[in-house]
Amino acid sequence: MNSLVLSHFDNYSQITINRPQALNALNAEVFNELDQVLSGTLPKSSKLLVITGSGEKAFAAGADITEFSNLSGDAARNMSQKGQKIFDKLEKYCLPTIALINGYALGGGLELALACQIRLITQKSILGLPELNLALIPGYGGTQRLPGLIGKGKAIYYTLTSENMNAETAVANGAADFLFPDIAEAQVFIENFAKKLSFKSSISLGLALEAIQNSGESAGFDLESDNFKKAFEAEDMKEGVGAFLEKRKPVFSHK
Ligand code: COA
């Protein structure tokens, strides 16, 4: 693997997105390698699967915008559906999955965290869905999972304004579950959590987890992919993505 590092510790395994130069932005290779890990097997001793980002700044700062420049609407819908499928696999994974967020979790990065079952954040973390700044919309389940966690009203506010949440706000809103002063304390929590699970029957762990995982539903995902396609086919998206890549403010023609 090139963009991910898979490590095994005493009672848990960890995936680290290893693209610190691009703030761990999720490119096609990250998705392919994540799919590979989720389709494989972990050591029997692993009771949790942790996902985190490398470097000091980010969990993941979104989908990799450099892959958006010349994407057709149909290719964008395929990209959305492929990402949704992999995140769905993550959401239904046979072990509890933990997003360990220490820094930016934006756009696709937040959508990845939302597909994990538990979100741990450190004090310096920033969570948000900035897609509309690029005249895009979330395409990897964000429009479906965020309302389930923070309620429709807040999901509409944060998605449509692109306003970020700081760590306290994220926990108060329910977008994150546990807040830690720093990464070291979050890691101790993970070690203790995994150790507690190592004393339980793996059968009852699996059954309880599966029951909780099936408490959701998936009606709006197809609509999200269709609208992701429409955003890609509109001229404002080219301006939004182009402006980001050229490091300038976008000038949208439809306001
Ligand atoms: N896709 C591709 N590259 C990205 C990226 C993304 N989503 N987010 C950051 N990067 C790259 C930057 O282009 C930059 O690359 P460079 O050094 O080659 O110029 C590098 O990562 C560092 O980012 P930079 O913007 O210089 O860091 P910063 O600390 O000034 O700002 C952010 C951090 C997260 C606020 C800013 O990078 C950002 O807004 N990123 C995009 C977030 C976004 O819109 N995500 C949703 C995508 S749909």
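Counting convention: from 1, in listed order, for ligands and their atoms alike. Being a predicted model, the structure only gives us computed values, none of them experimental.
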Review point. Just which atoms of ligand 1 are under 4.0 Å from any heavy atom in Q21?
Key: 20 (C), 21 (O)
Point to revise | Under-4.0 Å protein heavy-atom contact, atom 31 (O) of ligand 1 | key: no
Practice item. Looking only at protein heavy atoms, identify the closest one to atom 37 (O) of ligand 1 and say how far it is in Å. Key: L23 CD1, 3.7 Å
Study note, to complete from the structure: Near E131 (heavy-atom distance under 4.0 Å), the atoms of ligand 1 are 48 (S)
Check your understanding: Is there a donor-acceptor pair closer than 3.5 Å between any side-chain N or O of R145 and the backbone N or O of E111?
Key -> no
Review point. What protein heavy atom is closest to atom 46 (C) of ligand 1, reported as residue, atom name and distance in Å?
Key: P130 CG, 3.8 Å
Practice item. Measure the acute angle between the ring planes of F228 and F68, then classify it against the limits of 30° and 60° as parallel, tilted or perpendicular. Key: perpendicular
Review point. So, are D88 and K85 salt-bridged, with charged N and O less than 4.0 Å apart?
Key: no
**Study point:** Nearest neighbour in protein (non-hydrogen) for atom 38 (C) of ligand 1
**Key:** F244 CE1, 3.9 Å
**Study point:** Which of the ligand 1 atoms, numbered from 1, are nearer than 4.0 Å to a heavy atom of L106
**Key:** 34 (C)
Practice item. Measure centre to centre between the rings of F178 and F193, then say whether the value is under 6.0 Å. Key: no
Check your understanding: Do N166 and N164 touch side chain to side chain, with heavy atoms closer than 4.5 Å?
Key -> no
Revision key, fill the gap. Any heavy atom of I65 under 4.0 Å from ligand 1? The part involved is both
Exercise for review: State whether the side chain of R119 and the backbone N or O of A113 hold a donor-acceptor pair below 3.5 Å, judged by distance alone.
Suggested key: yes
Point to revise | Heavy-atom nearest option to atom 16 (P) of ligand 1, drawn from E67, K247, K57 | key: K247
Review point. What part of A63, side chain, backbone, both or neither, has a heavy atom within less than 4.0 angstrom of ligand 1?
Key: backbone
Point to revise | Side chain N192, main chain K195, donor-acceptor under 3.5 Å | key: no
Practice item. May I ask whether atom 7 (N) of ligand 1 is less than 4.0 Å from at least one protein heavy atom? Key: yes
Practice item. Specify whether the nearest protein heavy atom to atom 24 (P) of ligand 1 is under 4.0 angstrom away. Key: no
**Study point:** Nearest-contact summary for atom 4 (C) of ligand 1 - protein heavy atom, Å
**Key:** A22 O, 3.9 Å
Practice item. Would you check the N or O atoms of A61, main chain and side chain alike, for any that come under 3.5 Å of an N or O of ligand 1? Key: yes
Check your understanding: Should E239 and R248 count as an ion pair when the cut-off is N to O under 4.0 Å?
Key -> yes
Study note, to complete from the structure: With R19 as partner, the option from N2, D64, N24 fulfilling side-chain hydrogen bond (donor to acceptor under 3.5 Å, both in side chains) is D64
